[in-house]
Student: 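Let me begin by handing over the structure; questions about it come next.
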There are 2 protein chains.
Amino acid sequence: MEDDSHSRDRIQSIERGVEVLRAFDGRNSALSVAAIAKTVGFSRPVVRRILLTFAHLGYAESANGLWNLTPRILELSVGYFGAASLPEVSYPFMSDVVERTGETCSVGTLDRGEVLHVARLEDRRPLPHSVRVGTRLPAHATATGKVLLAHLSTEALEEFLSSSPFDVHTPHTITTAAAMRERLASIREQGYDISQEELNPGMIAAAVAIIHDGVAIGGISVSSTTVRESENAMRDTIVPVLQEAADRIAAQYRYANPHLSGGRHH
Amino acid sequence: MEDDSHSRDRIQSIERGVEVLRAFDGRNSALSVAAIAKTVGFSRPVVRRILLTFAHLGYAESANGLWNLTPRILELSVGYFGAASLPEVSYPFMSDVVERTGETCSVGTLDRGEVLHVARLEDRRPLPHSVRVGTRLPAHATATGKVLLAHLSTEALEEFLSSSPFDVHTPHTITTAAAMRERLASIREQGYDISQEELNPGMIAAAVAIIHDGVAIGGISVSSTTVRESENAMRDTIVPVLQEAADRIAAQYRYANPHLSGGRHH
DNA sequence: GCTAAATGTACGCATAGCGTCCTCATAATC
DNA sequence: GATTATGAGGACGCTATGCGTACATTTAGC
């Protein structure tokens, strides 16, 4: 009751600044100060000061009363995009997947019970539900999420199964822990998952885990619509391509991160 | 003398927080509190509080005294990655370029006299100088930079030519405003630029501007090494591919941003 | 031309966040 | 293996920082 609000060594202004950045969710192109204030729940002068700060840093700009983030905001992610980071290593192989399948390819990791998309490569035809880099989707209703859950340790999986309420998105969404356990078992056996209309109607996806040193560091998937791809086509033609890409990404990742392999340093 | 340091409506803590994030430059994988404090010039407790704040938000984590950014930091860029943003629109066509040329392709915009890389797609063979998304390079010594400079308004160009000191990176770097004017004129005539060893020895790049509504909203380039590609090969085989991609990106950008075309709103 | 809603700005107060200081743990040096 | 040096973690009092209320001003809308 004392540690969650502000624990003396946590900086309020930074948390507020981040909340303002998150108010730009990518859907609304430009936001007014008042709209942001309403979203995040701070007073307007506070939001204004935060925006002016970001503007001074070059991360935001205002055009006649409406605010936008500038491309320079990408700078904040550079620290994660190391030479050996998962997206950095994955992109070349994802390119291969897009070329061979003609569909959109994504790479994601498990983050707080959700799939965080760290890399994405679209085919020329855009999909109805566009999932941009940085966005999260519920793990229990996505193919990538389930292949990652399938490789979790027993304790971590139990925690997920007990803590997460399984939101229902479509009639095909897996809703019970029992059904999820069953599905995860078959994923472990087959090595892939196909999710048909579990999150969005009309959408289908296949995913394979990227295994490095025995742990699933991410999942690679292909998403499409049910009119373009059937479950059989996914299994027969796309899963092998994904499997090959996952293996090559893992190998390249191992090569790029030699210090992670085997035991600790020296 | 009063407006630059802290102007009463700018939040110091946020600026400090951003500086700490930038201390993670992608080269050093993990940093200690003391190392960051030395880099940014704040006291250690301040850096520690900032890191704890980001850790609480899920953007940073510490492993036995060393700190890292987590993939979730990508969330902060989501606000820029709109459906109609330049990288979002470009990636599919960049994929095409990589496929047809077998080389690394990048898209960048002009930002404060530097080229800010907003999208990048590598071929499988990594390049010696890896330029990640979010990083900036000097405009005067890169192909993308020069095609963007070539489309600047007269005033903006004059300001750039007078303000920027042209750092010398190699013997081939353009160092004088006169030489730059000459080069820009030929770029306007030919529609592309090829930069051979102007920034890094052994590297060569070709770039073409992405023109939307008469203004250059970005540049697309292919980078390689001088052993793999000659200037002639660049001009004859790669520039046409880039030109086609640039045109298609511009067209798609126009389609994705209908409100930007023609006159202002209403 | 009047209401309404949103922006920019000012300013005094409270507190958030700063730095100094101390303790403890972990390495490096001889 | 004793000794120094370097860094992490934490406590605490003071002050500058950044908060919100309040007012002035602009822009849009019926």
Side-chain angles (χ1 to χ4, degrees), chain A residues 1-24 28-57 59-69 259 263-266, chain B residues 1-24 28-57 59-69 259 263-266:
Chain A
M1 191 186 209
E2 212 273 296
D3 94 73
D4 43 10
S5 12
H6 15 256
S7 85
R8 188 80 175 153
D9 41 19
R10 216 172 289 152
I11 296 168
Q12 188 193 47
S13 308
I14 291 183
E15 295 188 338
R16 292 189 167 187
V18 166
E19 280 218 55
V20 167
L21 287 185
R22 289 204 291 190
F24 294 89
N28 317 17
S29 46
L31 299 172
S32 70
V33 173
I36 298 172
K38 206 166 293 173
T39 305
V40 298
F42 313 146
S43 71
R44 283 204 291 285
V46 168
V47 172
R48 180 175 169 268
R49 275 192 290 268
I50 292 173
L51 288 172
L52 286 175
T53 306
F54 283 127
H56 182 67
L57 293 166
Y59 294 144
E61 62 190 3
S62 67
N64 55 25
L66 292 179
W67 288 82
N68 255 314
L69 298 185
H259 54 287
R264 278 279 176 268
H265 51 96
H266 180 274
Chain B
M1 192 183 206
E2 212 273 295
D3 95 71
D4 42 11
S5 8
H6 15 256
S7 85
R8 187 82 173 153
D9 41 18
R10 214 172 291 151
I11 295 169
Q12 188 193 47
S13 308
I14 291 183
E15 297 189 335
R16 291 188 169 189
V18 167
E19 281 219 57
V20 167
L21 287 185
R22 289 203 293 190
F24 294 89
N28 317 16
S29 47
L31 299 173
S32 70
V33 173
I36 298 172
K38 206 167 292 175
T39 305
V40 299
F42 313 146
S43 69
R44 282 205 295 283
V46 168
V47 172
R48 180 174 169 267
R49 275 192 292 269
I50 291 173
L51 288 173
L52 286 175
T53 306
F54 283 127
H56 182 67
L57 293 166
Y59 294 145
E61 61 188 6
S62 67
N64 55 25
L66 292 179
W67 287 82
N68 255 314
L69 297 185
H259 55 285
R264 277 281 176 265
H265 52 95
H266 171 281

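Keep in mind that what you see is a predicted model, and the values were worked out from it rather than measured. Residue numbers begin at 1 in each chain, while the letters A, B, ... track the order of the sequences.
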Student: What is the distance from CG of A:Asp9 to P of C:dG17, rounded to the nearest Å?
Tutor: 11 Å
Student: For the pair made of CD in A:Glu15 and C1' in C:dT15, what is the distance, rounded to whole Å?
Tutor: 16 Å
Student: Could you walk me through whether A:Asp9 and B:Arg48 pass side chain to side chain contact (heavy atoms under 4.5 Å, CB included), step by step?
Tutor: CA-CA 8 Å; A:Asp9 41 19; B:Arg48 180 174 169 267; 3.5 Å; yes
Student: Can you tell me which nucleotide in D:dA8, D:dC19, C:dC18 comes closest to the side chain of B:Ala34?
Tutor: D:dA8
Student: Could you tell me how far C:dC18 sits from C:dA14 if I compare only their C1' atoms? Round to whole Å.
Tutor: 16 Å
Student: When you measure from the side-chain N and O atoms of A:Arg48 to the phosphate of C:dA6, is any distance below 4.0 Å, counting only OP1 and OP2?
Tutor: no
Student: CZ of A:Arg49 to CZ of A:Phe54: how many Å apart, nearest 0.5 Å?
Tutor: 14.0 Å
Student: Report the distance from atom CZ of B:Arg10 to atom P of D:dT17, rounded to the nearest whole Å.
Tutor: 13 Å
Student: For A:Leu52 and C:dG8, what is the distance between atoms CG and C1' respectively, to the nearest whole Å?
Tutor: 10 Å
Student: Between atom CG in B:Leu66 and atom P in D:dG9, what is the gap in whole Å?
Tutor: 11 Å
Student: Please tell me if A:Ser13 has a side-chain N or O lying less than 4.0 Å from either OP1 or OP2 of D:dC19.
Tutor: yes
Student: To the nearest angstrom, how far is A:Gln12 atom CD from C:dT15 atom C1'?
Tutor: 9 Å
Student: How long is the line joining CZ of B:Phe42 and P of C:dG17, in whole Å?
Tutor: 14 Å
Student: Would you say D:dC19 has OP1 or OP2 under 4.0 Å from some side-chain N or O of A:Arg49?
Tutor: yes
Student: By nearest atom, which of the nucleotides D:dA8, D:dG20, D:dT17 is closest to the B:Arg44 side chain?
Tutor: D:dA8
Student: Please tell me if A:Ser43 has a side-chain N or O lying less than 4.0 Å from either OP1 or OP2 of D:dT21.
Tutor: no
Student: Counting side-chain heavy atoms from CB outward, which of C:dT7, D:dG7, C:dA6 is closest to A:Lys38?
Tutor: C:dA6
Student: Return the nearest nucleotide to the side chain of A:Pro45; candidates are C:dC18, C:dT9, D:dA8.
Tutor: C:dT9
